[in-house]
Amino acid sequence: MSDLHTVNKSPFEKNSLESCLRLSKSGSAILLYEDGVYGALKGTAVENMIASVVGDRKIYVLGPDYKARGLDETRIIDGVEVVDYAGFVDLVEANDKVQAWV
Amino acid sequence: MSDLHTVNKSPFEKNSLESCLRLSKSGSAILLYEDGVYGALKGTAVENMIASVVGDRKIYVLGPDYKARGLDETRIIDGVEVVDYAGFVDLVEANDKVQAWV
Amino acid sequence: MKFSIQVNEGPYQHQASDSAYQFTKAALEKGHECFRIFFYHDGVLNGTRLTTPPQDDRNIVKNWTELAEKYDLDLVVCVAAAQRRGIVDDGEAERNGKDATNIAPKFRISGLGQLVEAAIQSDRLVVFGD
Amino acid sequence: MKFSIQVNEGPYQHQASDSAYQFTKAALEKGHECFRIFFYHDGVLNGTRLTTPPQDDRNIVKNWTELAEKYDLDLVVCVAAAQRRGIVDDGEAERNGKDATNIAPKFRISGLGQLVEAAIQSDRLVVFGD
Amino acid sequence: MSDTKNFMFLNRRAPYGTIYAWESLEVVLIAAAFEQNVSLMFVDDGVYELTKGQDTTGIGMKNFSPTYRTLGDYEVRHMYVDKASLEARGLSADDLVQVEWEDWETEESVDNIVEVVDSDRVAELLDESDVVFSF
Amino acid sequence: MSDTKNFMFLNRRAPYGTIYAWESLEVVLIAAAFEQNVSLMFVDDGVYELTKGQDTTGIGMKNFSPTYRTLGDYEVRHMYVDKASLEARGLSADDLVQVEWEDWETEESVDNIVEVVDSDRVAELLDESDVVFSF
């Protein structure tokens, strides 16, 4: 089985991403959206948290949320893939279930 | 001048306490209430964050919130003082203003 | 595929309701079925017709109502959560002696069993919250 | 001493409104003055008379109303925040073409200037939020 | 598709500061009535939901913690607690309520269905569920 | 007591995920109209409020970021950004909007009132204010 995990909180404010990474299985998909998108940026204090699991987990970031926050797509951590809402829907369909780390 | 800082978030979930400690002046008073009271417990991963400023800052914990959460007053970090709502009011009166780290 | 959506926050304070709406819309446009949208916790506050958001901003309640009209969606507000927060339809007004109602068009108030049923009947449950 | 209180969250979802109530009550019982209680963000949702909380739990809206009656408190709901979230009095209903009101007794709807004035006039502003 | 699913309730919030823990519990009680296989997982601040001796008289809020102890009667079979979350918070299993379980038909019983598990097991249990409820 | 106070708005929330940043800004605009000395402090995720190039068309929400650039016209004189918060988030002053300020009477002007300050200065500025608004 493979699950989609969703994280909508800033990793600088809340512990949701950290817990998601600790408690999700190898091979899972993780979608960062809403304030969760800040975790996808290069050069931050939490970059390594994401970068170290790219490959083991598949990391996605919701483009509309990322753009809303004024961040540049060239600054996304390598290996993180940008999706839109339709892509979010596809991820929900493609995985067995969704675990929300609200 | 001396300010009262209030922290109502669990230090395990959010960064409010950490920011409050970093950005409050020596001699300030800090009141932990609501889910903030969890920071007052001995033996936790954040104990040192509080213990290291006791003396430099005056730390208070709201008793009614602490008791509601099933914690034992004997397990409060040394130097942290328990107050009730009337004591909360007194702290607001005794300090020059209140800074809420919501 | 058959989806159900759970919305845990009210309109405007958190993005949860916006995200849920955008997701639901995208799913429907892709031809998926939405078995039920269940509004829980402060999410029940999406179901009031009394909001008047600024003209230059989106109208979240209206967005939900119009999406429900277009796709015949089942928008269910949890009764227990609604009672705590003051979302009332005719039946609730009568039962609890309230002198007004505020439920928005296409929303209905029902029990938590509707959420459990949605989770059983649907292929996926997607939760949007704080 | 003269206090003003700001409440940023609605009833039940967060403890903020409970804490604000307990603090205000304690301040009044100690003989302090409360110049104004200002409800902002989801805090405006404390001002609905349509709630019916479970019998064995506290009634937050009623608590505020009764405290206001006892001490003649000024409970002010921010109009802009209220419009976004559907808190309506007679004036707002007429202005925005709403067919119902839901404001609770002793609450009144007014502008953000009331918060700024409270901060200017009071010795202390105490904020309760998420 | 069978009408019985493995429901997992993922609890990550402290009680009282927000209502999520309490309203989540209300769903648990209903789900059990629908005869689903219901398990609860306590992670992060969710472990605080199970502390013994909660006393809310001073804050004027309803103390809902006794409900956890009755979950065995609602046919909840498993309550898992994340070990790392518990330890980070300076707590141990002794600080948590015990929940008895008994099968009325088979008279099989368990003294305490609250079980502390490690991170790998948490991930596995979440993964094995059919539906994860998050509040 | 003078009717002019030093108001400090402490902004610690990212925009769009919650409404606090936006509704806080509405108070700033009103406070300026009351002729108070208004300063803004951006700490933690609050620094994200000032990022350039916000584009909300994809999420259907109102883009309120242009309002920050007009604050100089509302007689806001100081906008402080916590250096540590900015750096932890991989951002620099170049990523933030610039806010011009001009005194219509004296014609005194400042190209950009957004100022990055260190932690000690943040603590001092908060301490020196008469009222701290937190949202």
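Scope of the values below: all heavy atoms of this structure, side chains included, with no hydrogens, waters or symmetry mates. Note that the structure is a prediction, hence the values are computed from the model and not measured.
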Measuring from [X]:[atom1] to [Y]:[atom2], what's the distance to the nearest 0.5 Å?
X        : Y        : atom1 : atom2 : result
A:Thr6   : C:Phe128 : OG1   : CZ    : 7.5 Å
C:Asp130 : A:Glu34  : CG    : CD    : 9.0 Å
C:Asp123 : A:Lys97  : CG    : NZ    : 14.0 Å
A:Asn95  : C:Arg124 : CG    : CZ    : 7.5 Å
A:Glu93  : C:Phe3   : CD    : CZ    : 6.0 Å

| field | A:Asp84 portion near chain C, given a 4.5 angstrom heavy-atom threshold | value | neither
If you draw a 6.0 Å radius around [atom1] in [X], do more than 12 non-hydrogen atoms from other residues or ligands fall strictly inside?
X       : atom1 : value
A:Lys67 : NZ    : no
C:Glu94 : CD    : no
A:Glu18 : CD    : no
C:Lys62 : NZ    : no

Nearest heavy-atom pair of [X] and [Y]: which atoms, and what distance?
X       : Y        : answer
A:Val98 : C:Val126 : CG2-CG2, 4.2 Å
A:Val89 : C:His32  : CG1-CD2, 3.5 Å
A:Ala86 : C:Ala26  : N-CB, 4.1 Å

| request: Flag the one option from C:Gln15, C:Gln22, C:His14 with the top tally of heavy-atom pairs under 4.5 Å to chain A. | output: C:Gln15
| message | Are A:Phe88 and C:Phe23, when compared by the centres of their aromatic rings, separated by less than 6.0 Å? | response | yes
